[in-house]
Amino acid sequence: DLDIVMEGGAVDFNGEGTVLTTSSCLLNRNRNGGLPRPEIERYLKTYYGQRHVVWLGDGIAGDDTDGHVDDLARFVDARTIVTAVEPDSRDENYRVLRDNRRRLDRARDADGRPFAVVELPMPRPVVHEGMRLPATYVNFYFVNGGLLVPTFGDPERDRKALAILRRVIPGRTVVGVDCRALIWGLGAIHCLTQQQPRF
């Protein structure tokens, strides 16, 4: 029972000692009173049983979690990370995602090896009542023999994202799930699967 805030969407694991997270979320003063990075790393290593932490920067537009990593980049196996990229330099996510992509280029696993990094496009902006929603294909969820991937009624980019994931994860059935209604709640499939505490 720890006196820190730690949400399921804030961390992702490769199963071999490395945890992926963001500084904008875990180092935010609104969560853990501004605990320094070494202290947060100690918690991640000690209580999750990890040996190494990979830090990304900021989250995408519309993300009310201050930058959960499950909207940005995810492990699909121990050595491969898929990451969201925005091709339009005028889009507000362009710089954030480009910075995170560069961080992944420099990242190493717990044994000092570089990762294979696979880019997934961002869907076109999804806006509801004038608000940009945190739509991303990275908020997927692994199920037995499959991968459920959020889609957003963007035929070209939906198809491209699903095709990339089918190529990267050939042993699973990759299924697109229309999340246009779900994303109004500021999350998609992976967010929906997170645990609710019992009060």
Side-chain angles (χ1 to χ4, degrees), residues 4-14 17-45 47-48 50-110 112-126 131-140 150 157 161 164 168 183 186-188 190-191 194:
I4 63 169
V5 176
M6 184 67 62
E7 304 112 72
V11 287
D12 201 57
F13 305 91
N14 77 340
T18 299
V19 55
L20 182 64
T21 191
T22 69
S23 57
S24 63
C25 181
L26 292 194
L27 301 183
N28 196 310
R29 294 193 68 80
N30 67 9
R31 278 173 174 72
N32 298 306
L35 281 176
R37 180 170 152 166
E39 187 71 7
I40 294 293
E41 286 199 4
R42 186 178 69 79
Y43 278 115
L44 291 170
K45 291 175 181 177
Y47 293 97
Y48 282 128
Q50 303 301 295
R51 294 183 287 136
H52 180 62
V53 183
V54 172
W55 291 91
L56 298 184
D58 292 324
I60 59 173
D63 182 358
D64 65 337
T65 68
D66 303 306
H68 272 186
V69 77
D70 67 355
D71 281 340
L72 301 170
R74 305 277 305 285
F75 289 109
V76 292
D77 63 40
R79 301 286 305 285
T80 308
I81 299 172
V82 296
T83 189
V85 294
E86 174 52 62
D88 184 354
S89 62
R90 298 164 297 175
D91 189 282
E92 58 190 317
N93 285 321
Y94 176 79
R95 293 181 70 184
V96 165
L97 295 176
R98 185 176 63 172
D99 174 65
N100 284 327
R101 178 66 177 89
R102 288 175 177 162
R103 290 171 187 252
L104 289 172
D105 284 338
R106 298 189 303 268
R108 297 295 181 266
D109 70 7
R113 299 171 300 186
F115 294 102
V117 181
V118 177
E119 297 181 352
L120 279 182
M122 285 288 283
R124 297 192 191 286
V126 179
M131 179 181 172
R132 175 88 179 252
L133 303 177
T136 169
Y137 301 114
V138 181
N139 202 263
F140 50 70
R157 294 189 188 190
I164 291 169
V168 174
I183 200 68
L186 304 181
H190 189 258
C191 299
Q194 296 305 296

Check your understanding: Is the side chain of D12 donor-acceptor paired with the backbone N or O of L20 at a distance under 3.5 Å, no angle test?
Key -> no
Study note, to complete from the structure: Output for pair (M131 CE, L186 CG), nearest 0.5 Å, gives 4.5 Å
Practice item. Might you point out which heavy atoms bring A135 and V126 nearest each other, and give the distance in Å? Key: CB-CG2, 3.6 Å
Practice item. Rounded to the nearest 0.5 Å, what's the gap from OG1 on T18 to CZ on F115? Could you check? Key: 4.5 Å
Exercise for review: Measure across S24 and G59 and return the closest heavy-atom pair with its distance rounded to 0.1 Å.
Suggested key: OG-N, 3.6 Å
Review point. Between the main-chain N or O of A61 and the side-chain N or O of N93, is there a donor-acceptor pair closer than 3.5 Å?
Key: yes
Point to revise | For the student: nearest non-hydrogen atoms of A84 and M122, plus distance | key: CB-SD, 3.7 Å
Review point. Taking side chain as C-beta onward, heavy atoms only, is D109 less than 4.5 Å from H52?
Key: no
Check your understanding: Do N30 and D66 get their side chains close enough for a donor-acceptor pair, meaning under 3.5 Å?
Key -> yes
Review point. Would you say the side-chain atoms of T80 pair up with the backbone N or O of A116, donor to acceptor, closer than 3.5 Å?
Key: no
Point to revise | L27/W55 under side chain to side chain contact (heavy atoms under 4.5 Å, CB included): CA gap, chis, key distance, verdict | key: CA-CA 10 Å; L27 301 183; W55 291 91; 3.9 Å; yes
Review point. Residues in side chain to side chain donor-acceptor pair (under 3.5 Å) with R106, at least two apart?
Key: none
Point to revise | Verdict with supporting geometry, T65 and R31, side chain to side chain contact (heavy atoms under 4.5 Å, CB included) | key: CA-CA 10 Å; T65 68; R31 278 173 174 72; 4.1 Å; yes
Check your understanding: So, are D105 and R101 salt-bridged, with charged N and O less than 4.0 Å apart?
Key -> yes
Check your understanding: Can you check whether V138's main-chain N or O pairs, donor with acceptor, with R74's side chain at less than 3.5 Å?
Key -> yes
Check your understanding: Can you name the side chain to side chain donor-acceptor pair (under 3.5 Å) partners of R132, sequence neighbours left out?
Key -> D91, E92
Review point. Do other residues, nucleotides or ligands put more than 12 heavy atoms under 6.0 Å from the OH atom of Y48?
Key: yes
Review point. Within the distance-only criterion (no hydrogens, no angle test), does the side chain of T22 pair as donor or acceptor with the backbone N or O of H68 below 3.5 angstrom?
Key: no
Point to revise | Gap between atom CG of L56 and atom CG of L104 - 0.5 Å precision | key: 5.0 Å
Exercise for review: Return the minimal non-hydrogen interatomic distance between E7 and C25, and the atom names on each side.
Suggested key: OE1-SG, 4.2 Å
Revision key, fill the gap. CD1 (I40) and CG (L26) are apart, to the nearest 0.5 Å, by 6.0 Å
Point to revise | Heavy-atom pair with the smallest gap, counting every atom of R157 and P87 | key: NH2-CG, 4.1 Å
Exercise for review: Might you confirm whether atom CZ of R113 has over 12 heavy atoms from other residues, nucleotides or ligands at distances under 6.0 Å?
Suggested key: yes
Review point. Could you give the distance from CG (N139) to CG (D70), rounded to the nearest 0.5 Å?
Key: 4.5 Å
Study note, to complete from the structure: dist L35:CG -> N28:CG (nearest 0.5 Å) comes out at 12.0 Å
Check your understanding: Taking NZ, NE, NH1 and NH2 as the nitrogens, is one of them in R103 or D99 under 4.0 Å from a carboxylate oxygen of the other?
Key -> yes
Review point. Side-chain contact, heavy-atom cut-off 4.5 Å: N32 with Y43?
Key: no
**Study point:** Worked verdict on F140 versus V82 for side chain to side chain contact (heavy atoms under 4.5 Å, CB included)
**Key:** CA-CA 11 Å; F140 50 70; V82 296; 3.6 Å; yes
Review point. Taking side chain as C-beta onward, heavy atoms only, is M6 less than 4.5 Å from L44?
Key: yes
Exercise for review: Measure the shortest side-chain to side-chain distance between T136 and P150 over non-hydrogen atoms and say whether it is less than 4.5 angstrom.
Suggested key: no
**Study point:** L72 and L97, any side-chain heavy atoms less than 4.5 Å apart
**Key:** yes
Review point. Does R79 use its side chain to pair, donor to acceptor, with the backbone of P114 at less than 3.5 Å?
Key: yes
